[in-house]
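Just so we're clear, the structure is a prediction, and the values are computed from it rather than from any experiment. In this chain, numbering begins with 1 at the start of the sequence shown.
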Amino acid sequence: MAYMDCRDDPEAAGLRSLFENLLGDDSFPRAGATLAANPVLLTVEADQALAVLLVQAEQHGDDDRAVAISQLRAFVGRCRHTGLAAVFPPSHREIDPALVSAVGADMRAADEAEESYDRTGDIDALTAAATAWRQVMAHSGLASAYPGLRAALLNNGGGVLLRRYWAVGSQGDLSSALEALRISVALTPAHSHLVVGRLCNLGLAVREVYRQSGDDPTLERAIGAFEMAAQVAPVQPQSAPTALTNLALGLQDRYLRTGDPDDLARAISCCEQACRDAESVGAQVMLADLLRRRYESAGERPDLTRAVTLLRGALQATPTGSPERPRRLVDLGIVLLDQHAESGDPGDLSTALQLFSEAMQVIPATSPDRSSCLVHRSLAFYRRYQSAGALDDLERAVDGLDEAVRTTGAGSVDAADWTVNLAAVLHERARRTGGLKDLDRAIALLEAVSTLGSGTFDDRYAAMNDLGNALRDRYHATGRGPDLDRAIQVLRAALTAAPRGSAQSATLQANLGAVQCDRYALTRSTADLDEAATHLRAAVEMSPPGNADRPRRLFALALAARDQYALSRQAVDLDTAVDAYCSGCADGITSDPPSTLAAAQEWGAWATARHRWPEAATAYRSAIAAMLAVVQAQVIREHKENWLRDTASLFGRAAYASAMAHQLPAAVAAAEAARAAILTETLQRDHLDLRRLVSLCPDLADQYTRAANRLRTAQQQRAALRPRL
């Protein structure tokens, strides 16, 4: 914007008009022609005219214009002192060739190093590129360079420094990149074909500051840069996909912050357009992430399926040595975790863990991406623990999340989300071990996140959900009535905040129903019981067959229906409870053995109390099947023995129920099941597929045999050291 005084004399107005043309054009040849045709621009009076423009820009707070005027003034002053022939030599092919020559060696070294990094992902190559660019940007000649050249050099150098920040997490790189990119945009005319890319780079750097601080105005500045790029992009079709993809990224951040569905819808629309305009892998990855977000909100399975397809294609298109590959490994792993939660397919979980592990091997220890990968790998371990009950997976999940939370700044936009996850695994470990210390820490972490305004939109109601569950468990451990009342209050508020019909809504319905059942047990209020049953039925109806959470929701409904039957003695309530147990056990033996083990034992005890022996026998058979599935999933023999010891009475109860139901072969099988479990595990460890392995890979078979022998010896030694009772 020009700040002209209409009272200026014509000569001054003419000078300013010429300078405005130079400021609005990034053509080096045209600048030379303009200066040659108008020698007055090289006079002291012209310099004074530029000084006036600079003061006006500063008075109006237009920092970008002030930067551009200062650079043009220094460049014109150089032309005045050295002569146009020295700055614009005949037949020159480069912008400001004298300066390009001075920094050319460093530029070539930087380009070669960055190309090497793109091929191999070698951090040393990226560091070499960043070092060379720092030398270029620090060259004294840049202070009086042609504005277009300085803008180009700062953009390229700032982009490399931003990439190095992404790779190794150096705060100095981010700060230097931000300053260089800010000046680059200020020196680029608004209508230049180069402004789109430079605005996008600046927006990405500002976004990283937001991700560290969670500062909303900073996020808006990043989105503003992306918006400006997208507005210019239509006249530059080759730049449009990049601008639209980056705008979608900023809108996604704001959606996660506020939960505004319009931001998510617009972000998806931007990416759909970017994918139509060009074969852009980056746009496909961004679209997949947004579709996953919409799936999490609305529960539409086609969104999840398409996201998996897009990310598989993006990973296949990314070479092994590419620095983009680790992020794409993690992206695909995340969406496979969602798919596993939907379908319960253990193959999705196994593949996700492999992808996260591969990414962890190549992501530098200081990279901002490392914590994210660590978190999602921990969640995958936790998911496997939930499916199979392996205690070592639970420990890995706690350790990984604890490390991620410790190494992430409290102001980071990820801090709240990761804290919620850490609280969840601490809560589960408290359930498994009975340790109140873990439970109290989980509640303290969730209290901080669930306060209004903390974290993202998702974080707030996720934390409220988990806080309600943790308070409920502490009530069970301590008998504190206020914990129970507050749990209901928190869960009701979370259900109100969650999108209707979403997967989160189903979870909240289930948890609120469960805690109201607890209060019914304390107060005997039928209103609590009826409301609990309503919420639990809704949760089950929102959980399609195969959903990993469906068994636990069915078990909770069974308990509520049991209590209703105890009051009403209506056959419909009895049938609801038995059907819920049957369906939950049928699904849960594969998808959630630990929960199924607990529920099947409850069912068996209830059926026994009613002398329904065939029903009790069925329940206990389900419990034994679930117990064996849990034992088989343990890696360490001591963990197997712990599970068997905790369920030692199960086999006797199962045998008794089968005998009372006149199912004598089943009674004998139940009585022998405990001994068979350890014997089967020992035989499997020594012989499972070993013959085939010997024929296919003798060396590997030999290594396996030696490892099995060492494990057996170590276990025998540990057993020998235990005190005899």
Side-chain angles (χ1 to χ4, degrees), residues 1-28 31 34-35 38 40-81 87 96 99 137-155 157-158 175-192 194-195 198-199 201-203 205-206 209 215 217-218 220-225 227-229 231-232:
M1 179 183 295
Y3 305 109
M4 303 288 291
D5 189 334
C6 61
R7 294 172 296 176
D8 284 343
D9 61 69
E11 183 179 352
L15 283 174
R16 295 187 187 187
S17 178
L18 289 170
F19 281 131
E20 292 297 343
N21 290 337
L22 289 173
L23 287 167
D25 191 356
D26 59 357
S27 168
F28 186 68
T34 299
L35 291 171
N38 299 276
V40 68
L41 295 176
L42 301 175
T43 64
V44 174
E45 291 76 14
D47 182 68
Q48 292 173 348
L50 275 175
V52 171
L53 287 176
L54 178 59
V55 169
Q56 290 178 339
E58 291 172 343
Q59 289 175 343
H60 284 80
D62 194 338
D63 294 338
D64 285 358
R65 178 172 167 82
V67 168
I69 293 171
S70 294
Q71 188 69 34
L72 179 62
R73 186 182 181 193
F75 174 69
V76 173
R78 175 177 148 221
C79 292
R80 182 169 64 249
H81 288 102
V87 180
D96 209 341
L99 185 56
M137 293 187 294
H139 194 280
S140 59
L142 255 65
S144 59
Y146 178 66
L149 175 64
R150 189 180 183 201
L153 296 179
L154 292 177
N155 177 71
S175 298
S176 297
L178 191 62
E179 179 64 11
L181 294 169
R182 183 187 68 80
I183 296 174
S184 175
V185 169
L187 294 175
T188 306
H191 60 272
S192 168
L194 300 170
V195 75
R198 294 172 186 176
L199 281 167
N201 286 342
L202 177 60
V206 174
V209 176
D215 180 58
T218 301
E220 292 304 319
R221 286 197 296 274
I223 293 175
E227 291 274 19
M228 290 176 63
Q231 290 169 9
V232 178

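In summary, the side chains of Thr218 and Arg221 do present a donor paired with an acceptor at a separation below 3.5 Å, with no hydrogens or angles considered.
Residues satisfying the side chain to side chain donor-acceptor pair (under 3.5 Å) test with Gln48, not counting sequence neighbours, are none. Looking at residues two or more places apart in sequence or on another chain, you find a side chain to side chain donor-acceptor pair (under 3.5 Å) between Asp25 and Arg30. Partners of Thr43 under the side chain to side chain donor-acceptor pair (under 3.5 Å) rule, at least two apart in sequence or in another chain, are Glu45. Partners of Asp63 by salt bridge (Lys or Arg N to Asp or Glu O under 4.0 Å), not counting sequence neighbours: none found. Contacts of Glu58 classified as salt bridge (Lys or Arg N to Asp or Glu O under 4.0 Å), with partners at least two apart in sequence or in another chain: none.
Among residue pairs with one or both ends in residues 141-154, those qualifying as side-chain hydrogen bond (donor to acceptor under 3.5 Å, both in side chains) are Gln71-Arg150; sequence neighbours excluded.
Atom-to-atom distance recorded for Ser192:OG and Asp26:CG is 3.5 Å, nearest 0.5 angstrom. To the nearest 0.5 Å, the span separating CG on Leu187 from CD1 on Ile69 amounts to 11.5 Å. Atoms CG and CG, from Leu72 and Leu23 in turn, are 5.0 Å apart once rounded to the nearest 0.5 Å. Arg78 contributes atom CZ, which lies 6.0 Å from atom CG of Leu99 (distance to the nearest 0.5 angstrom).
Side-chain N or O atoms of Thr188 include one that pairs as donor or acceptor with a backbone N or O of Ser184 at under 3.5 Å.
Between Phe75 and the options Leu149, Val87, Leu22, a side-chain contact (heavy atoms from CB on, under 4.5 Å) holds for only Val87.
Within a 6.0 Å sphere centred on CE of Met228, other residues, nucleotides and ligands contribute 12 heavy atoms or fewer.
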Inset, instruction - In sequence, state the C-alpha distance, the side-chain angles, and the governing distance for Leu42 and Asp47, and then conclude on side-chain contact (heavy atoms from CB on, under 4.5 Å). - result: CA-CA 7 Å; Leu42 301 175; Asp47 182 68; over 6 Å; no

Inset, instruction - Please test Gln231 against Leu199 for side-chain contact (heavy atoms from CB on, under 4.5 Å), starting from the C-alpha separation and ending with a verdict. - result: CA-CA 11 Å; Gln231 290 169 9; Leu199 281 167; over 6 Å; no

Inset, instruction - Output, in order, the C-alpha distance, side-chain angles, deciding distance and verdict of side-chain contact (heavy atoms from CB on, under 4.5 Å) for Leu41 and Thr34. - result: CA-CA 9 Å; Leu41 295 176; Thr34 299; 4.0 Å; yes

Inset, instruction - Would you sort out whether Arg65 and Leu53 count as a side-chain contact (heavy atoms from CB on, under 4.5 Å), showing the intermediate values? - result: CA-CA 9 Å; Arg65 178 172 167 82; Leu53 287 176; 3.8 Å; yes

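Within the 4.5 Å cutoff, the side chain of Met137 has no heavy atoms near those of the Glu179 side chain. Side-chain atoms of Leu181 and Asn155, non-hydrogen and from C-beta on, do get closer than 4.5 Å to each other. At least one side-chain heavy atom of Leu178 sits under 4.5 Å from a side-chain heavy atom of Leu202.
Scanning all heavy atoms of the two residues, the minimum distance from Ala190 to Val232 falls at O-CG2, 4.1 Å.
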